[in-house]
Amino acid sequence: MTNLELAWALTEMGDLLELKGEEPFKVRAYHRAARALENLEEEAAALYARDALEEIPGVGKNLAKKIAELLTTGRSAFLENLRREVPPGLREMLAIPGLGSRSIRQIYQGLGITTLEELETAAQEKRIRTLPGMGSKTELAILRGVEMLKEVREQVPVGVARPLALLLRDQILAIPGVERVAIAGSVRRGCEMVGDVDLVVAVQPGNQVADVMPRYPQVKEVLASEPDRLSLRTTLGVKIEIILVPPEDFAATLFYATGSKAHRRRLISLAASRGLGVADLGLATPRWLAEEKAVLAAGQEGTAGEGEDAAGETGGLQIGAVGQEAPPAMVGRPAREDQPAEPFFYQRLGLPYIVPELREDRGEIEAALRGELPRLITLADIRGDLHMHSRYSDGVATIAAMAAAAQARGYQYIAITDHSRSLVVARGLSVEQLKAQREEIVRLKEELAGITILAGIEVDILADGRLDYEDDVLKEFDLVIASIHSGFRQEEEQVMTRLEAALRHPYVDILGHPTGRMLGRRRPYAVDVTRIIKLAAETGTILEINASPDRLDLNDTAARLAKEYGVPIAINTDAHDPNRLADMEYGVLTARRGWLEPENVVNTWELERLLARLKRNRGNCIKQ
DNA sequence: GCCGTTTTCGGCCCGACTGTTTTCAGTCG
């Protein structure tokens, strides 16, 4: 069992314990250990082999035993018992903002409600308010929350889906009879939320995929098993779609299954307008032919390009590209990916290669026809990370450790941006602590060669629009990110007033996670994104793509709008742990989906140029 | 459940906001 799967199991245990009413500190212990496992460099299995599980921070005797059981048997009696005790629907309810474990338990015990549907009905029928301490506002929060959850129902954030897809890819490659495996669908396109994980597998007759895969510990049930297709659901509820094809159909199927459906249909229409059929493009597989038929039948009405169907959401590994590099993280096993074929299909249409991230029918085909596809940013273009936390606030690592991890990634610079004083839960820094931190950074600057540490801050935009430090404090930093961490429920006018004040502030260089959304968990606060972008353009403020897979904020479309307005972007991880610097990958994916080129992203720039661009330094000499 | 220049028990991130209440519990960051 992988660290990620162990982490998921521990998280579930923590959630179920919380719903049972266990003491908060015990619950937190499970969640903390889960996070530690997620961020662990070494495989827990290796630690177990040398009897060192308790070296994992937050893992003691008890949790070590549970982890050992999961590692050796793939199961946990403790977890299975919890699952029997707590209805699974209750765990879903934890995601409703404003509803905690306590309220959920009360609703369960008082009304016997165990599913989201029952909860919604009870709220509509105003039965929630019959419970003590609950009223109309709670019912409204429930209705809103259920609505939000329904939207993302059956969907998982890319931060969950991608690691799972990579894991499955490697596992499937080891199955007898498997020639090649590729991740496809929305995972391959880098979508922020995905409905299922799609894999295309080239197999020989007599392969054992359908026999072996259902026995994987993370597989909960087999939804469908056919000669050319296997559909599974994991214990986490993620749907896995596996398309099995003979090796000669692999490339065309991967192309098909990567989607999007809208993009595919535009290609078919384009081909038809030139008197070409999919077969002429080298795409004579049943799926392509069937879709071509559908597109041509719908033909003149121009209905092609609407939405996406689940079957079309399949795809594969990034294969070689013409004219554009793939993000390094998307590259599969080179030995298995030695026959780049997708560029060929585009070539047949007289088009340059269009990478998966652009295949959304958002003008990419027109741009390709005009020869104006962007030269998309890649992970290799990133020279630094301008938003991360250290032990001084709520990070887990020292500044030196964060710097070392950044250096290992080949970065030239980082900014340490801990929280400001008002964010007490995150141990925001007092002015005195800022001084101590500054001294440490100055000391490290002398000790460390090859990487520059900027002394930054993530300063809170307070509920009344003021920043959390006075100007004379703010002017001392090398770089200031301003972010909202409170007053999420304010009206748009109020939120925008705060944001505008921050954007106009002479010492605010970057606006952090501009909309405050948490994928699948929290809606953005009431903001007018276009207005933020216009204000950023006007004031010379940089906007962030927060690369944390929980946020991806700005999102792809907003990033593209920012580019159109000439607003520079910083792709930052907001890492609280050295290993989370790797989240840069998700930020770059989002940026690519937003058509960003290296030039649009300030942390691809040389440090001197970046510093000179900061509001605080414009017109002044560059700070050293 | 973890952890210990606070070490085998008693802390563990803590204060503000919100909704439902008339004095506070629950939730959140």
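Every chain is numbered from 1, with letters handed out A, B, ... down the list of sequences.
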Would you find a donor on one side and an acceptor on the other, under 3.5 Å apart, between the side chain of [X] and the backbone of [Y]?
X        : Y        : value
A/Asn3   : A/Glu38  : no
A/Lys475 : A/Tyr507 : no
A/Arg427 : A/Ser393 : yes
A/Asn546 : A/Leu552 : no

Fill in the blank from the handout: Mate of B/dG29 across any strand shown (Watson-Crick or G-U wobble, both atom pairs under 3.5 Å) is B/dC14

What's the gap between [N] and [M] when it is taken at their [atom1] atoms, as a whole Å value?
N      : M      : atom1 : value
B/dG26 : B/dT20 : C1'   : 11 Å
B/dC12 : B/dT18 : C1'   : 26 Å
B/dG4  : B/dC13 : P     : 13 Å
B/dG11 : B/dT6  : C1'   : 9 Å
B/dA16 : B/dG10 : P     : 29 Å
B/dC2  : B/dT8  : C1'   : 12 Å

Contact class for [X] vs. all strands (heavy atom < 4.0 Å): base, sugar-phosphate, or nothing?
X        : value
A/Ser486 : nothing
A/Lys66  : sugar-phosphate
A/Pro132 : nothing
A/Arg489 : sugar-phosphate
A/Ile96  : sugar-phosphate
A/Arg105 : nothing
A/Val27  : nothing
A/Glu23  : base

What's the [atom1]-[atom2] distance between [X] and [N], to the nearest Å?
X        : N      : atom1 : atom2 : value
A/His419 : B/dG15 : NE2   : C1'   : 16 Å
A/Arg427 : B/dG29 : CZ    : P     : 18 Å
A/Lys137 : B/dG26 : NZ    : C1'   : 15 Å
A/Arg522 : B/dC17 : CZ    : P     : 16 Å
A/Lys26  : B/dG10 : NZ    : P     : 18 Å
A/Glu139 : B/dT20 : CD    : P     : 8 Å
A/Lys61  : B/dG1  : NZ    : C1'   : 13 Å
A/Arg28  : B/dC2  : CZ    : P     : 14 Å

Which nucleotide, [options], lies nearest any side-chain atom of [X]?
X        : options               : value
A/Pro97  : B/dG29, B/dG1, B/dC28 : B/dC28
A/Val424 : B/dC14, B/dC2, B/dG29 : B/dC14
A/Leu63  : B/dG29, B/dG15, B/dC2 : B/dC2

Exercise for the section: Using a cut-off of strictly less than 4.0 Å, decide whether A/Ser136 has a side-chain nitrogen or oxygen near OP1 or OP2 of B/dG19. Expected result: no

Practice task
Check the side chains of A/Glu458 and A/His389 for a donor-acceptor pair under 3.5 angstrom, ignoring hydrogens and angles.
Solution key: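 Looking only at side-chain atoms, A/Glu458 and A/His389 do form a donor-acceptor pair, the distance falling under 3.5 Å.
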
Exercise for the section: Verify whether one side chain among A/Glu139 and A/Ser136 offers a donor that lies under 3.5 Å from an acceptor in the other. Expected result: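 A/Glu139 vs A/Ser136: no donor-acceptor pair found between side chains.
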
Problem - salt bridge (Lys or Arg N to Asp or Glu O under 4.0 Å) between A/Arg127 and A/Glu125, intermediate numbers included - result: CA-CA 5 Å; A/Arg127 283 188 284 130; A/Glu125 293 172 352; 2.9 Å; yes

Problem - Nearest non-hydrogen partners of A/Ala501 and A/Gly465, listed with the distance - result: CB-O, 3.9 Å

Exercise for the section: Tell me which of A/Gly100 and A/Arg129 sits closer to the 5' end of DNA chain B, going by the nucleotide each one is nearest to. Expected result: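 So the residue in question is A/Arg129.
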
Exercise for the section: By nearest nucleotide on DNA chain B, pick out whichever of A/Arg102 and A/Thr138 is the more 5' one. Expected result: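 Looking at the nearest nucleotide for each, A/Thr138 comes out on the 5' side.
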
Problem - Strand-adjacent residues in residues 388-396 of chain A, judged by heavy atoms under 4.0 Å from DNA chain B - result: none

Handout entry: Carboxylate-amine/guanidinium proximity below 4.0 Å for A/Arg580 and A/Asp583
Key =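 Yes, A/Arg580 and A/Asp583 are salt-bridged.
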
